[in-house]
Amino acid sequence: MKYNFNEIEAKWQKFWKDNQTFRADNNSERPKFYVLDMFPYPSGAGLHVGHPLGYIASDIYARYMRHKGYNVLHPMGYDSFGLPAEQYAIQTGQHPAKTTEENIKTYRRQLDQIGFSFDWSREVRTSDPGYYKWTQWIFIQLYESYYCKDADAARPVQELVRVFEKEGNAKINAACDDEVFQFSANEWNQYSEAEKQKVLAFYRLTFLSDTEVNWCPALGTVLANDEIVNGLSERGGHPVVRKKMKQWSMRISAYAQRLLDGLEKLDWPQPLKDAQTNWIGRSEGASIKFKVLGKAGENEWIEVFTTRPDTIFGVSFMTLAPEHPLVQKITAAEYLDEVNAYINATSKRSERDRMSDVKTITGQFTGAYAEHPFTGKPVPIWIGDYVLAGYGTGAVMAVPCGDQRDYDFAKHFGIEIPNIFAGIDISEHACEDKNVSIANSDFISGYPAKKAVQLVIEELEKRKIGKGKINYRLRDAVFSRQRYWGEPFPVYYKGDLPQIIDSAYLPITLPEVEKYLPTEDGKPPLGNATHWAWDTMSNSVVQNNRIDQETVFPLELNTMPGWAGSSWYFNRYMDATNVADFAGNEALNYWKDVDLYIGGSEHATGHLLYSRFWQKFLFDKGLVPVDEYAKKLINQGMILGTSAFVYRIEGSNEFVSHGLISDKKVQALHVNVSLVNASNELDLEQFKNSRVEYKNAGFLLEGGKYYVGREVEKMSKSKYNVVSPDDICDAYGADTLRLYEMFLGPLEQAKPWNTAGITGVSSFIKKLWRLFFNEEHEFFVSDESPDKDELKTLHKTIKKVDQDIADFSFNTSVSSFMIAVNELIALQCNKRAILEPLTVLISPYAPHIAEELWHLLGHRESIATAAFPVYNEQYLVELVKNYPVSFNGKLRFTLELPLDLSVQEIEKEVLAHPKTQQILEGRSPKKIIIVPGKIVNIVG
RNA sequence: GCUCGGGUGGUGGAAAGGUAGACACGUUGGACUUAAAAUCCAAUGGGCAGAAAUGCCCGUGCGGGUUCAAGUCCCGCCCCGAGUACCA
């Protein structure tokens, strides 16, 4: 019988499907284990060989845990809202739902052919109304909540209202907008409904506000900070400008400290945790108020945040961000023109300019002064764009001797630089070292800086002009997108006040539109819908009532961003078909959290932060049982493509072979890797036919051949270096693809794909197959008991593979399989007692061939779901007990010998020792390593 | 600039502080073939000596250190990659 992988793979994939082999049960005697992949966006290009890497690893782990006796949840779905489908719709008029559906079909076919053990009965799609109903529902829960700092948890806004009614907001300790002001119960009760709503928006966890946003004119939408790369949009690379817009935001900043604290208990990669820590950016310091001097600034205070309150006596000026609200108020009449000119100039500078040009120092004096809180001296107030409006208070107290930027600014504008550090020379640059003593500083002179920080904070608090403060870099997340293909908000407007549509009427589904572009008057694409508001209103707000034009209020026309649906999907899998709840309590309490999450590190400060935020919120509301949803996380590395290049002589249609370029002026052009063989030779005929302009191209050849240049790059369609898993499965089979992807290198590392190397794994699979067949190609395994060498091979493979999977070193376990098979071939071993456990051992990696062999070995049940002894520790213990074979071929023992022996004499003694003889069993050792005085190593 | 990773043969990569280069690709030679593919066998870090078996020396980015023993641990550099970016 020949190894026919196409037949075998199709057969077992069908078997799994027919028998629903991988359906997970929400009730089980067995312990649960939840293995999750980051679900993909189904793009039109389909999968390339890089995509399944993480899925293969998680699948191996899921299958392994099933063998270990766990009830495994291993689901898959699609993050199916997104920009590409929408852009395709704009170009072609094709409804995004339709292209998405088609793309999903392709993905599903590609995933199925690799033989994943997903429980497809739990599939989710974020663009499915049955799913986004609950995304909208969670949005409503956020809207109805505020963050209580005393309880350190989200609480209903209704509680807040009750307190306001009784005692105003003086005692409220909540995460809220900076603009919030103090009011009494009396004042509150006299507010109009509109005024009350405006105040409540300062507290809600999702709220509407005028936000300075990253507006991308080319895409017609707002982008989050993590969707911008170097001042350009991540998608498409279009320029991005700052603009004020009314936007929904998520008060993620309320959770900054808990998001930080939560990291400690997570088994996540350190780089990823570091990235989140830096993104949250906690810094400890003080906020200090400076009184503005002079008439213009009467009763105005400038609040600054500083991490170095100990340097307060070194302040020689202040700098405000050009956008700071006080700038207009305090600027002296004679400086007004210059200040306005400066503000104008900086607002024109795009983010990109500002970033690429950090060195240039710009600023403008306002003519105003503030009073130093301790010395009373006037401090000049400047504006400068090195101060960011978005961080802290948008104002800094400048201490040129202690901060290099302040130092540069002072030098540039000729401002004095007082020295407040004992014995430090500041003539060249500022001293940012915290391990110094403070001098010339009144009551903190002579104290070390760290102590001085405390003293200053105490003094500030005593005088009520400042306090110790912790600041976070983490900004609230903008939650509105001017797009069609996203979740609609369950919101309509009365005037400019948002109203929530009662959750009983969810989902608010997307309307049909003629065009997917923004409307001509600049409204988001949903503005193109003609009957939407009417339909939605008649369905919900005024349901069962006759409605007329007056009761049809405008709906929110923005949609939610891509990260909305992906922020809670892991909970939905637990109970994916529940129509009454986002997931039932029983299911949530059974599965609780993800035990292993595998996905790319590019989501470090996006999805992985937002989803933690939502999970904590849901936890606060008592809706989920745990406040961190993924215990362990692994980042799989990218599989890179090996691009091929042809070199065209500039200004001609002549192509030079790679070796002949020397100093010719050439232009490197990507050429499709399928036109190049393993020796880098280009197929000239196919190349000429690949494009019209190549038809009559000339070639400078090396030995009659055209050699291409190679470079390792990200795999992408535009670089013509994409390798499709379909082709690999057709040529070598899914099991070989799975093994090879693991064999390429460590899971977490980026590594280049090289199709040529697959033959090694492919021939290994064929050899494995042949172990079970005799020379007449008939299935034949013997029932003889195994000998010592055969057992040794089996034991060491079991031990190595088991350990490797636990360490996620899948690459080395593939090597162990290869060694095992080679050794068994050399031993001519065809014994059931060896081959059967080996089949189980290999089944997570190569499930199809394992099923087939298992079947041939006479088993009727699928190998995939039963708990098997090979992966059971007890089994290992028994094996070792029965056959005490050394696993690693090395054994150490202590042997006391006289010191004056020669090396040869020691060798003799060692060889003669009974323990040595026991190990060697008559064989002679390859080498004996002797280090006089201490250690003897025998390698045999 | 800061924060993380990482530098090992022609290539991908293995190595509890203990035979560096497992396993594979590639290359070379051989077997089987009319031939090719496939398959199998052998060699393959560099250098020196030898007819050969074999022996010796040098080798994990660079310079130091700890240790009987360092790719691995410590200190100081250099280079590459990723993230972040005027965060007060």
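Here is how names work: the chains are called A, B, and so on, in the same order as the sequence lines, proteins then strands, and each is numbered from 1.
As a whole-Å value, the separation of A:Gln803 CD from B:rA22 C1' is 16 Å. What separates CE of A:Met638 from C1' of B:rG81 is a distance of 11 Å, to the nearest Å. Whole-Å rounding puts the A:Asn811 CG to B:rC23 C1' distance at 10 Å. Nucleotide B:rU11 holds its C1' atom 16 Å from the CD1 atom of A:Ile639, rounded to whole Å. We find that CG of A:Asp804 is positioned 12 Å from C1' of B:rC23, with the value rounded to whole Å. Rounding to whole angstrom units, CE of residue A:Met318 and C1' of B:rA88 are separated by 11 Å. Here the C1' atom of nucleotide B:rA88 and the NZ atom of A:Lys469 are 13 Å apart, to the nearest Å. In this structure, A:Ile280 places its CD1 atom 19 Å from P of B:rU3, rounding to the nearest Å.
When the shell of 6.0 Å around CD of A:Glu776 is examined, it contains more than 12 heavy atoms from other residues, nucleotides or ligands.
If you check B:rU44 for Watson-Crick or wobble pairing at under 3.5 angstrom, you find it paired to B:rG26. Taking a pair to require two hydrogen-bonding distances under 3.5 Å in either a Watson-Crick or a G-U wobble arrangement, B:rG81 pairs with B:rC4. B:rG9: no Watson-Crick or G-U partner with both key distances under 3.5 Å is found in any strand. Nucleotide B:rU34 forms no Watson-Crick or G-U wobble pair with any nucleotide shown, as no partner meets the under 3.5 Å limit on both distances. Of all nucleotides present, none satisfies the Watson-Crick or G-U wobble test against B:rU19 with each distance under 3.5 Å. In this structure, B:rA70 makes no Watson-Crick or G-U wobble pair, since no nucleotide meets both defining distances under 3.5 angstrom. When both pairing distances are held under 3.5 Å, B:rA88 makes no Watson-Crick or G-U pair with any nucleotide shown.
Using a 4.0 Å heavy-atom criterion, one finds that A:Lys767 contacts the sugar-phosphate atoms exclusively. Residue contacts for A:Thr759: at a heavy-atom cut-off of 4.0 Å it reaches the sugar-phosphate backbone alone, with no base atom in range.
In this structure, the nucleotide among B:rC23, B:rG83, B:rC86 sitting nearest to the side chain of A:Arg405 is B:rC86. Ranking B:rC4, B:rA88, B:rU84 by closeness to the A:Arg473 side chain, first place goes to B:rU84. Each of B:rC87, B:rG83, B:rG12 was ranked by its minimum atom distance to the side chain of A:Ala275; first place goes to B:rG83.
Toward the 5' end of RNA chain B, the nearer of the two residues A:Phe305 and A:Ser815, judged by each one's closest nucleotide, is A:Ser815. Each of A:Gly757 and A:Lys766 was assigned the nucleotide of RNA chain B with the nearest heavy atom; the assignment lying further toward the 5' end belongs to A:Gly757.
Within the 4.0 Å cut-off from OP1 or OP2 of B:rC23, not a single side-chain nitrogen or oxygen of A:Thr812 is found. Under 4.0 angstrom from either OP1 or OP2 of B:rC40 there lies at least one side-chain N or O belonging to A:Arg770. Between A:Tyr386 and B:rA88 there is no side-chain polar atom (N or O) within less than 4.0 angstrom of OP1 or OP2. Between A:Asn278 and B:rG83, a side-chain N or O to OP1/OP2 separation shorter than 4.0 Å is absent. A:Gln749 has a side-chain polar atom (N or O) that falls below the 4.0 Å cut-off from OP1 or OP2 of B:rG13. Of the side-chain N and O atoms in A:Asn822, one or more sit less than 4.0 angstrom from OP1 or OP2 of B:rA24.
Side-chain atoms of A:Asn830 do not come within 3.5 Å of backbone N or O of A:Leu771 as any donor-acceptor pair. Counting only distance, with no hydrogens or angles, the side chain of A:Asn721 and the backbone of A:Ser716 share a donor-acceptor pair below 3.5 Å. Remark: the backbone N or O of A:Ser283 is not paired with any side-chain donor or acceptor of A:Asn471 at under 3.5 angstrom. Side-chain N or O atoms of A:Asn278 include none that pairs as donor or acceptor with a backbone N or O of A:Gly281 at under 3.5 Å.
Atom name C1', nucleotides B:rG21 and B:rG12: the rounded distance is 13 Å, in whole Å.
The two residues A:Phe290 and A:Pro373 make their nearest non-hydrogen contact at CE2-CD, 3.4 Å.
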